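In the text below, chain A, chain B and the rest are named by the order of the sequence lines, each starting its count at 1. Note that this is a predicted model, so its numbers are computed, not measured.
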2 protein chains.
Amino acid sequence: MFKVNKLTDYATVVMVDLVSADLARPSQKIANNTGIPYPTVNKLMKDLLQAGLVRSHRGINGGYSLASPAHKITIADIIQAVEGPIALTSCVNNSLDKCSYENFCAVQGRWNRVNKAVVKALKKVTVADMT
Amino acid sequence: MFKVNKLTDYATVVMVDLVSADLARPSQKIANNTGIPYPTVNKLMKDLLQAGLVRSHRGINGGYSLASPAHKITIADIIQAVEGPIALTSCVNNSLDKCSYENFCAVQGRWNRVNKAVVKALKKVTVADMT
DNA sequence: CCTAAATAGTACTAAATAAGTACAGTATTA
DNA sequence: TAATACTGTACTTATTTAGTACTATTTAGG
């Protein structure tokens, strides 16, 4: 099946939850709100933080909040934060893998086009659209 | 990583190879042309056949050929043939899975929009575009 | 300054999926 | 009727994903 990771799915749910947060919201509360297990939320937040999609505050009254307005964060951003660069196949330019057939492959470079089209589609939908 | 199966990637290579086939082309020859292992080609062809993307002829001088003109077969068709219905998450309408959070999920149904956008993008690129 | 709350980072285990292989069966044509 | 090539099923192995656990670090407030 062609699909995003479960974690990516969770991540969108988390992001949507954070839209309604005025103050920093701790992982534990996010877990309660969304039904996603606490340890999993924790793991997710690290990825989202590293990608700069959320801000964190440590200590008492700490937690997470969105780093930008909901309508500026796209599904493409979330997928990239959780799963790394979007590369439908290993022969796409920004892929982390290397294709072993690369040198004599009949579709060399053609997937780039498909990839771009998909990324474009994913950039059109924002967190605000998901709420 | 957000990507298609390796088999789907192979499948496009196979389809592109078949574009140049006047007669039916046996799996073995497809394997030679593309560098994809013969047993894997065999497996692929079954999926492509079932999906109606290729035609088969048994016996001597048998093999496979495209069931429609290359410009009418899309990447979406190939993905669906190999991986089943395109459903980015399990809460998308045509998904085979069921989402266990479905009833209280904050993003209920919102992924449909994303899914449609992606499918649309995938339908715009054809086998002819990949050659 | 000390304690409790909460994030940050790393490493590990288990489950699910994908990839590859093997083999026996069936149809077709020369 | 023999050789060729598709058809179908089952199995094994490798890879990826998901989930868990634990320790360290930071911060606010009494």
Side-chain angles (χ1 to χ4, degrees), chain A residues 1-11 13-14 18 21 23-32 35-65 67 79 82-84 87 89-90 95-97 99-101, chain B residues 1-11 13-14 18 21 23-32 34-65 67 79 82-84 87 89-90 96-97 99-101:
Chain A
M1 281 244 276
F2 178 56
K3 59 182 169 188
V4 298
N5 287 352
K6 233 188 210 176
L7 286 178
T8 304
D9 193 357
Y10 290 166
V13 176
V14 166
L18 284 181
L23 314 165
R25 178 170 291 173
S27 307
Q28 183 62 68
K29 191 167 183 203
I30 297 173
N32 289 343
I36 302 167
Y38 171 62
T40 303
V41 173
N42 253 308
K43 192 179 191 177
L44 268 175
M45 299 324 288
K46 288 164 204 162
D47 291 338
L48 295 173
L49 181 68
Q50 277 206 320
L53 300 187
V54 299
R55 263 196 270 273
S56 70
H57 296 282
R58 291 190 173 194
I60 290 182
N61 298 330
Y64 296 94
S65 52
I79 294 179
V82 179
E83 313 193 17
T89 66
S90 51
S95 171
L96 302 176
D97 309 342
C99 176
S100 48
Y101 295 86
Chain B
M1 284 244 275
F2 178 56
K3 59 181 170 188
V4 299
N5 288 352
K6 232 186 212 177
L7 286 178
T8 304
D9 192 358
Y10 290 166
V13 176
V14 166
L18 283 181
L23 314 166
R25 177 170 291 173
S27 308
Q28 184 61 69
K29 188 164 184 205
I30 297 173
N32 289 342
T34 59
I36 302 168
Y38 170 64
T40 304
V41 172
N42 252 309
K43 194 180 191 177
L44 269 174
M45 298 324 287
K46 287 164 204 163
D47 291 337
L48 295 173
L49 181 68
Q50 276 205 320
L53 300 188
V54 299
R55 263 196 270 274
S56 69
H57 296 283
R58 292 189 174 193
I60 289 181
N61 298 328
Y64 296 95
S65 51
I79 294 179
V82 179
E83 312 193 16
T89 65
S90 51
L96 302 176
D97 309 343
C99 174
S100 48
Y101 296 85

Handout entry: Most 5' of A/F2 and A/P26 on DNA chain C, judged by nearest nucleotide
Key =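 Nearest nucleotide further toward 5': that of A/P26.
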
Exercise for the section: Might you point out which heavy atoms bring B/Y38 and B/S27 nearest each other, and give the distance in Å? Expected result: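 Heavy-atom minimum between the residues: CE1-CB, 3.6 Å.
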
Problem - Shortest non-hydrogen separation from A/A24 to A/H57 and the atoms involved - result: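 A/A24 and A/H57 have their closest heavy atoms at CB-CD2, 4.0 Å.
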
Problem - Results of side chain to side chain contact (heavy atoms under 4.5 Å, CB included) for A/N32 - residues two or more places apart only - result: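 Listed in chain order: A/Q28.
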
Problem - Toward the 5' end of DNA chain D, by each residue's nearest nucleotide, A/N61 or B/N42 - result: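 The residue mapped nearer the 5' terminus is B/N42.
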
Problem - 5′-ward residue of the pair A/V4/B/G62 relative to DNA chain D - result: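 Counting from the 5' end, the first nearest nucleotide belongs to B/G62.
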
Distance check needed: [N] [atom2] versus [X] [atom1], whole Å only.
X     : N      : atom1 : atom2 : answer
B/K3  : D/dT17 : NZ    : P     : 7 Å
A/L7  : D/dA18 : CG    : C1'   : 6 Å
B/H57 : D/dA3  : NE2   : C1'   : 19 Å

Practice task
May I ask you to verify if any side-chain N or O of B/S56 is less than 4.0 angstrom from the OP1 or OP2 atom of D/dT7?
Solution key: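 The answer is yes; a side-chain N or O of B/S56 sits under 4.0 Å from OP1 or OP2.
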
Practice task
Establish, with yes or no, whether the OP1 or OP2 oxygen of D/dC6 is under 4.0 angstrom from a side-chain nitrogen or oxygen of B/S27.
Solution key: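 Result: yes.
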
Practice task
Would you mind classifying the nucleic acid contact of B/Y10 as base, sugar-phosphate or nothing, using non-hydrogen atoms under 4.0 angstrom?
Solution key: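 B/Y10: backbone/sugar contact only, no base atoms under 4.0 Å.
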
Exercise for the section: Check step by step if side-chain contact (heavy atoms from CB on, under 4.5 Å) holds for B/L7 and B/T40. Expected result: CA-CA 8 Å; B/L7 286 178; B/T40 304; 3.7 Å; yes

Can you tabulate the close N/O pairs, meaning under 3.5 Å, that link protein atoms to atoms of nucleotides 24-26 of chain D?
unit_1: D/dT25; atom_1: O2; unit_2: A/R58; atom_2: NH1; d: 3.1
unit_1: D/dT26; atom_1: O4'; unit_2: A/R58; atom_2: NH1; d: 2.6

Problem - Stepwise side-chain contact (heavy atoms from CB on, under 4.5 Å) test for B/I30 and B/I36 - result: CA-CA 8 Å; B/I30 297 173; B/I36 302 168; over 6 Å; no

Problem - Partner residues of B/Y64 under the ring pair (Phe, Tyr, Trp, His ring centres under 6.0 Å) criterion, sequence neighbours left out - result: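 For B/Y64 there are no ring pair (Phe, Tyr, Trp, His ring centres under 6.0 Å) partners, ignoring immediate neighbours.
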
Practice task
Determine yes or no for a side-chain-to-main-chain donor-acceptor pair under 3.5 angstrom, with A/E83 supplying the side chain and A/T8 the backbone.
Solution key: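 No; judged by distance alone, with no hydrogens or angles, the pair does not exist.
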
Practice task
Under 4.0 Å from any heavy atom of chain A: name the first and the last nucleotide of DNA chain C that qualifies, 5' to 3'.
Solution key: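 The contact span of chain A on DNA chain C goes from C/dA4 to C/dA18.
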
Exercise for the section: Would you give the length of the straight line joining atom CG of B/L49 to atom CZ of B/R55, rounded to the nearest 0.5 angstrom? Expected result: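 Result: 10.5 Å between the selected atoms.
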
Problem - Contact list for DNA chain C against residues 45-55 of chain A - heavy-atom distance below 4.0 Å - result: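 Close to the strand are A/K46, A/L49.
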
Problem - Partner residues of B/K43 under the salt bridge (charged side-chain N to carboxylate O under 4.0 Å, His left out) criterion, sequence neighbours left out - result: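 B/K43: no salt bridge (charged side-chain N to carboxylate O under 4.0 Å, His left out) contacts found.
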
Problem - Heavy-atom side-chain proximity of A/N61 to A/L23 below 4.5 angstrom - result: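 No, their side chains stay 4.5 Å or more apart.
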
Exercise for the section: List the steps and the verdict of side-chain contact (heavy atoms from CB on, under 4.5 Å) for A/L18 and A/M45. Expected result: CA-CA 11 Å; A/L18 284 181; A/M45 299 324 288; 4.1 Å; yes

